[in-house]
Amino acid sequence: YSREVRAYSMIASGQLSEGARALRELAKSLTGGTAWMIEMAKRAERLAGLAERNPAAAHELLAKGESETVSALRIQDVP
């Protein structure tokens, strides 16, 4: 997960090509075929494609994921 988060951070900070490259490398490295690996590879490929074609949509997807995580962890009101 740390490689995924690092790539997300690159994209969020405007390093779009570097982040997309890191996500594609991550996707290629997930060869185990387990459900979580397949899902992570799909997420990586989707965000890499968005970062290359539509940076605004990539940022929106990251923001949506952050919002969902905050909600799932119930930390909306944590300063």
Side-chain angles (χ1 to χ4, degrees):
Y1 291 105
S2 62
R3 291 175 63 190
E4 184 179 36
V5 172
R6 182 173 180 267
Y8 285 9
S9 296
M10 288 178 186
I11 291 171
S13 68
Q15 300 173 48
L16 300 170
S17 60
E18 296 91 340
R21 187 176 325 112
L23 286 170
R24 294 206 189 284
E25 290 172 7
L26 172 63
K28 287 180 186 175
S29 74
L30 297 168
T31 59
T34 59
W36 71 267
M37 289 180 159
I38 293 167
E39 182 57 35
M40 185 181 279
K42 286 179 183 179
R43 275 196 318 264
E45 287 292 345
R46 179 175 182 217
L47 185 57
L50 282 177
E52 293 167 342
R53 292 185 320 273
N54 188 342
H59 286 263
E60 286 177 27
L61 184 61
L62 288 175
K64 180 182 177 199
E66 181 180 354
S67 177
E68 290 172 355
T69 299
V70 166
S71 180
L73 295 174
R74 299 180 184 164
I75 56 174
Q76 296 92 326
D77 298 327
V78 175

Excluding sequence neighbours, so at least two apart, what forms side-chain hydrogen bond (donor to acceptor under 3.5 Å, both in side chains) with [X]?
{"X": "Q15", "result": "S13"}
{"X": "T34", "result": "W36"}
{"X": "E39", "result": "none"}

Can you name the residues that form a side chain to side chain contact (heavy atoms under 4.5 Å, CB included) with [X], not counting sequence neighbours?
{"X": "S9", "result": "V5"}
{"X": "S2", "result": "none"}
{"X": "R6", "result": "M10"}

Would you list the atom pairs, donor with acceptor, under 3.5 Å between side chains in residues 56-72 and any protein atom, with sequence neighbours excluded?
unit_1, atom_1, unit_2, atom_2, d
H59, NE2, I11, O, 3.4
T69, OG1, G65, O, 2.9

Practice task
State which residues pass salt bridge (Lys or Arg N to Asp or Glu O under 4.0 Å) with E52; sequence neighbours excluded, sorted by chain then number.
Solution key: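 For E52, the residues satisfying salt bridge (Lys or Arg N to Asp or Glu O under 4.0 Å) (neighbours in sequence not counted) are R24.
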Handout entry: Nearest heavy-atom neighbours spanning M37 and L30
Key =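 It is O-CD1, 3.7 Å.
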Practice task
Please report the closest heavy-atom contact between A51 and A20, naming both atoms and the distance.
Solution key: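 Taking every non-hydrogen atom into account, CB-CB, 4.4 Å.
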Handout entry: Atom pair CG (L23) and CZ (R46), whose distance is rounded to the nearest 0.5 Å
Key =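 So the CG of L23 and the CZ of R46 are separated by 12.5 Å.
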